[in-house]
Amino acid sequence: MILSTEQIKEFNKNSLTDHQNEFETLQNKLIKSEKNTQDIVKKIEDFQVAIPSWALGAGGTRFGRFSYGGEPASLEQKIADIGILNALTRSAGAISLHIPWDIPSDYKAIKELAASNDITFDAVNSNTFQDQPSNKESYKFGSLSNISSAVRDQAIQHNIDVINIGNKLGSKSLTVWLADGSIFPGQNNFQLALQNTESSLKNIYTNMPLDWKMFIEYKPYEPNFYSTVIQDWGTSFMLANACGDRAYSLVDLGHHLPNTNIEQIVSTLMLKGKLGGFHFNDSKYGDDDITVGSIKPYALFLIFNELVYGMQNNTQNPDLAWMIDASHNIKDPLEDIMQSLEAILIAYAQALLVDQKKLKDAQMNNDVVLCQEILQEAYRTDVRPLVAQARINSGGTKNPLQAYRKFEIRKTLIKERGTHTLATGL
Ligand code: LRH
Ligand code: MN
């Protein structure tokens with residue numbers, strides 16, 4: 001199913017007048033506080049989020065999975081689905097592959113298909129948390145941290161294979177997330193596990209092309225429930241420093257213990273030039289991987305406020321990799337991702353409204369009340385007309401979700417693919 005620009009233009013026509021009124025009203029309000037609306041809209045247009053290849057079907061838990069119908073059963077169909085998301089939102093211009101769930105069979109064809117959908121290949125993700133039929137060694141007791149050098153070598157070689165796959169597709173970064181850890185006290189020698197992990201990561205790093213980055217993703221628990229080798233930002237930061245200049249920490253929003261101040265972690269990693277990117281999602285309790293901004297939208301805004309400050313002040317930190325990492329247990333996966341994209345762009349737009357100079361002055365005067373007022377003035381601004389304008393400027397729809405339903409895209413996908421197709425992934 002391909003969406004034509006004519007269809008998109010036709011859809012926008014009906015709501016353009018309302019949009020222009022809303023946009024001008026907001027623009028007039030922002031001009032009063034010397035905000036350059038055009039500049040903000042341009043920044044939103046340029047904000048591209050990579051879509052995970054493993055989150056285009058219905059996810060599930062150990063308690064069950066409810067299929068959604070019309071799910072993509074191949075990498076080609078996954079790229080087509082991201083093509084639909086990108087046609088509607090113009091902010092989903094990249095795919096992040098997980099290997100071996102999505103190994104291309106025909107690299108040339110896959111690259112042409114992606115290009116025809118305006119999609120590039122973002123970070124590739126290795127998988128040493130599941131055993132593959134072709135594996136000689138098991139990852140039951142860990143991969144890069146395993147006490148067995150044979151297991152570590154297999155895991156290192158897998159990461160090198162993933163880099164080679166990504167290289168053929170034009171990807172420029174590898175994301176390493178390890179499930180490695182323990183379920184019971186005494187099960188692991190913590191120091192040995194960390195030393196093995198460090199030397200394994202260094203080995204992988206030396207096998208990365210010189211224009212590649214490595215993202216080291218941390219997580220406090222699951223699937224191990226007593227210890228995880230790369231459990232927190234500090235461990236990831238330490239390992240990134242041990243590997244080299246092109247190794248960075250990756251912040252998955254769901255990988256923090258309750259009430260962790262994630263925005264402070266973000267500011268610290270940016271100050272140290274070691275923040276590589278994000279896996280956006282939201283959660284109430286654990287690594288719930290649900291819709292971005294559906295539980296803690298203010299926390300997301302505070303994170304983007306630190307990102308905007310960092311992007312303005314920390315030239316030592318590279319351009320960031322933006323990715324969604326979600327799993328859809330009850331929502332239509334494409335609708336869920338469109339809601340996440342909207343929440344991400346809204347938080348970014350609100351953060352761009354923060355008067356960083358005024359905030360710094362208030363901080364330098366310990367004017368605590370004014371600090372909060374400056375932040376919440378931005379957070380309480382309805383920036384949706386700015387986000388919609390950015391989409392329209394880029395040839396997308398004013399309201400992707402409405403367009404998706406009006407065009408009955410899920411119905412068409414079910415007609416084309418049936419109700420029982422199964423997407424690889426989580
Ligand atoms: C681990 C994680 C990681 C992926 C996986 C799909 O929880 O966030 O980023 O490899 O989800
Ligand atoms: Mn993740």
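Both ligands and their constituent atoms are indexed starting at 1 by order of listing. Remember, it's a predicted structure, so these values are computed and weren't measured experimentally.
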So with a 6.0 Å cut-off around CD of Glu222, is the heavy-atom count from everything else above 12?
-> yes
Establish, for the pair Lys274 and Tyr248, whether the NZ or CZ atom is under 6.0 angstrom from the six-membered ring centre and no further than 45 degrees off its axis.
-> yes
Say whether Trp54 and Asp325, considering side chains only, have a donor N or O and an acceptor N or O under 3.5 Å apart.
-> yes
With heavy atoms of Asp252 as the reference, note each atom of ligand 1 found under 4.0 Å away.
-> 8 (O)
Can you tell me if Ser171 uses its side chain to pair, donor with acceptor, with the backbone of Asn167 under 3.5 Å?
-> no
Report for the Mn ion (ligand 2), protein N, O or S closer than 2.8 Å, by chain and number, lists Glu217 OE2, Asp252 OD2, His279 ND1, Asp325 OD2
Any N/O pair Trp177/ligand 1 closer than 3.5 Å | no
Say whether, by atom type as modelled, one donor and one acceptor occur between the side chain of Asn146 and the main chain of Ser148 under 3.5 angstrom.
-> yes
Mark up the atoms of ligand 1 that fall under 4.0 Å of a heavy atom belonging to Asp287, in ascending order.
-> 7 (O)
Counting from 1 in the order shown, the ligand 1 atoms closer than 4.0 Å to a non-hydrogen atom of His279 are 9 (O)
Checking Asp288 side chain against Ile290 main chain: does a donor-acceptor pair fall under 3.5 Å?
-> no
Of Asn399, Thr89, Asp332, which meets side chain to side chain donor-acceptor pair (under 3.5 Å) against Tyr404?
-> Asp332
Has ligand 1 got any nitrogen or oxygen that is less than 3.5 angstrom from a nitrogen or oxygen of Asp325?
-> yes
In ligand 1, the atoms that come under 4.0 Å of a heavy atom of Lys219 are 1 (C), 7 (O)
For ligand 1, note which part of Asn127 has a heavy atom under 4.0 Å away: side chain, backbone, both or neither.
-> neither
When you measure from the side chain of Thr419 to the backbone N and O of Gly69, does any donor-acceptor pair fall under 3.5 Å?
-> no
Under-4.0 Å heavy-atom contact with ligand 1, by part of His98 that carries it = side chain
Proximal atoms of ligand 1 relative to His255 (non-hydrogen, under 4.0 Å) | 1 (C), 2 (C), 7 (O), 8 (O)
Asn125 near ligand 1 by a heavy-atom separation under 4.0 Å = no
Side-chain donor-acceptor contact under 3.5 Å, Ser182 with Asn224 = no
Are Lys360 and Tyr309 linked by a side-chain donor-acceptor pair shorter than 3.5 Å?
-> yes
So, Asp282 side chain and Ile295 main chain: donor-acceptor pair closer than 3.5 Å or not?
-> yes
Please confirm whether Trp54 comes within less than 3.5 Å of ligand 1 when only nitrogen or oxygen atoms on both sides are compared.
-> no
